[in-house]
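Here's the structure we're looking at; comments come further down.
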Protein chains: 2
Amino acid sequence: MPPTAFEPHDHSSCVSDGVAAVERHCAEHKLQFTKVRRRVLEILLNQHKAWGAYEILDKLREEGLGSQPPVAYRALDFLVSHGFAHRIERLNAFIACTHFDTHHAPAFLICRSCNRVVEAESDPRAGELGRAAQSAGFVIERTVREAEGLCPACVGRASA
Amino acid sequence: MPPTAFEPHDHSSCVSDGVAAVERHCAEHKLQFTKVRRRVLEILLNQHKAWGAYEILDKLREEGLGSQPPVAYRALDFLVSHGFAHRIERLNAFIACTHFDTHHAPAFLICRSCNRVVEAESDPRAGELGRAAQSAGFVIERTVREAEGLCPACVGRASA
DNA sequence: CACAGATCGTTATATAATTACAGGAGACGT
DNA sequence: ACGTCTCCTGTAATTATATAACGATCTGTG
Ligand SMILES: [Zn+2]
Ligand SMILES: [Zn+2]
Ligand SMILES: [Zn+2]
Ligand SMILES: [Zn+2]
C-alpha cells in the first residue's frame with residue numbers, strides 16, 4: 001500500500017472522510033468538536049501540505065473565527081493531542097492525520113519542491129532508532145521521523 | 001557499540017578530541033576555524049545536551065565574543081553545514097557531532113528528564129522511512145530521526 | 001437555577017530566526 | 001607594498017513561532 005497523496009486522487013473525499021471520522025470519534029469519546037476545531041481540521045485536510053499556525057490563523061481571521069494566536073494553537077493542540085493531526089517538527093507546521101484510527105508512530109515524506117507531505121505508518125521499535133535505543137537501554141516515548149526530498153512528480157520535473 | 005554518553009566516561013577527552021578533529025578537518029579543507037566558531041564548538045562539546053542558540057549567545061556575550069543573534073547563528077550554520085554539529089528539530093537546539101568523520105544521517109536519543117542527547121549512526125535508506133520512500137518513488141535528501149524518552153539512568157530513578 | 005469544568009477572547013510577552021548593511025581581516029595577484 | 005576580492009564580523013531592526021495570564025462564556029449535570 002504505497003502512500004497515495006503524491007498521486008492523483010479524489011481529494012474531496014480526503015476532506016469529507018477525514019472530518020466524518022473525527023466527528024464520529026469525538027461523539028464516541030465525548031469530545032467537543034467545536035466550530036473552530038472543525039474548521040481548523042478542514043483547513044488542514046484541504047491540502048496535503050503542512051500548515052503553519054499563523055497561516056491557519058489568517059484563514060480563521062478572514063472568516064471571523066478568531067484573530068489571536070491562542071485560538072489557532074488551542075485548536076491545533078486539541079487535534080494533535082487526540083491524534084487527529086500531527087506536528088511536523090522540521091517545518092514548525094501541522095498536517096491532518098491520514099490514518100488516525102490506528103495507534104501509531106507516524107513518519108513523513110516532505111517534498112521540498114511542491115511542499116506536499118505524505119504520512120507513512122511506522123513501528124517505533126523498528127529501524128535505527130529502535131535498535132540504538134534498545135542497545136542503550138533507552139525507553140522511547142515518542143519519535144520524530146521526517147524525510148525531506150523530492151516527490152516522484154518533482155523528481156521527474158527536475159530531471160526532464 | 002552502544003552509545004556511550006549515557007554512561008560515565010572521560011568527558012574531558014570528548015571536548016579535546018572533538019576540537020582537535022574539527023581543527024584538523026578545517027586545516028585539510030582550507031576552512032576558517034575562527035575564534036567564535038571554535039568557542040561555539042567548545043560550548044556544544046561541553047555537555048552532552050542540545051544547546052539553544054540563545055543559550056550559546058549568552059555565553060558568548062559573557063565572554064565578549066559577540067552579543068547579537070547572528071553571531072551565534074552564523075557560527076552554528078558553519079558547524080552544521082560542515083557536519084561538525086547537528087540541529088535537533090524537536091528542541092530547536094544544537095549539539096556537537098560525535099562521529100563527524102563518516103558521511104552520515106544521524107539519529108538521536110533525547111532524554112526528557114536529564115536532557116542528555118546521544119547520537120546514533122543510521123542509514124537513511126533503512127527503516128520505515130526508507131521503505132516508504134522507495135515504494136512511493138520519493139527521493140530522500142535529508143532525514144530527521146529523533147526519539148524522546150528516558151535514558152537508562154532516568155528510567156532507573158523513576159522506577160526505583 | 002446553581003455549580004464545576006471546559007472552552008473562548010484578548011492582551012501581553014516569550015522564544016527563535018532572519019534581513020540588511022556597514023565595516024574589517026586575510027588571501028592573492030601584480 | 002598596493003589594490004582588490006572574498007569571507008567574516010558587528011549591530012540594529014524585523015519577522016516568525018509559541019505561551020502566559022485572566023476574565024468571560026458556554027456546556028453538561030444535579
Ligand atoms: Zn487528498
Ligand atoms: Zn513534489
Ligand atoms: Zn563526553
Ligand atoms: Zn536521563
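All of these numbers come straight from a predicted model, not from anything done at the bench. Convention: sequence-line order gives letters A, B, ...; per-chain numbering from 1.
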Between P of dA16(C) and CG of L91(A), the distance in whole Å
18 Å

Rounded to whole angstroms, how far apart are CG on L76(A) and P on dT17(D)?
13 Å

Taking atom C1' of dA27(C) as reference, at what distance in whole Å does atom CG of L31(B) sit?
15 Å

Indicate yes or no for a side-chain donor-acceptor contact from R37(A) to the backbone of Q32(A) under 3.5 Å, with no hydrogens or angles considered.
yes

Nearest to side-chain heavy atoms of R74(A), which nucleotide of dT10(C), dT19(C), dT27(D):
dT10(C)

Residue closer to the 5' end of DNA chain D, N92(B) versus P69(B) (nearest nucleotide):
P69(B)

Whichever of V36(A) and A93(B) has its nearest DNA chain C nucleotide further upstream toward 5'
V36(A)

Looking at H29(A), H25(A), H99(A), which hits ring pair (Phe, Tyr, Trp, His ring centres under 6.0 Å) with F84(A)?
H25(A)

Tell whether Y54(B) reaches the base of dA14(C) with its side chain through a donor-acceptor pair below 3.5 angstrom.
no

If you only use heavy atoms from C-beta on, which nucleotide in dA17(C), dT9(D), dT11(D) is closest to the side chain of R37(B)?
dT9(D)

In terms of side-chain heavy atoms of Q32(A), which of dT10(C), dC8(D), dT27(D) is nearest?
dT27(D)

Using a cut-off of less than 4.0 Å, is there contact between a side-chain N or O of R87(A) and OP1 or OP2 of dA18(D)?
yes

OH of Y73(B) versus P of dT14(D): gap in Å, rounded?
19 Å

Nearest of dA17(C), dT7(C), dG9(C) to any side-chain atom of F94(B)?
dA17(C)

Measure CG/L79(A) against P/dT7(C) and give the value in whole Å, please.
12 Å

Closest to the T34(A) side chain, choosing from dA17(C), dT11(C), dC8(C)
dC8(C)

Let me know the distance between CG of L60(B) and C1' of dT11(D), rounded to the nearest Å.
15 Å

Would you call the rings of H11(B) and H9(B) parallel, tilted or perpendicular if under 30° counts as parallel and over 60° as perpendicular?
perpendicular

Angle class for the F6(B)/F138(A) ring planes (parallel below 30°, perpendicular above 60°, tilted otherwise)?
parallel

Rounding to an integer number of Å, can you tell me how far I88(B) CD1 sits from dA16(C) P?
15 Å

Can you check the W51(B) CH2 to dA16(C) P distance for me, whole Å?
14 Å

Looking at R90(B), R145(B), R87(B), which hits salt bridge (Lys or Arg N to Asp or Glu O under 4.0 Å) with E89(A)?
R90(B)

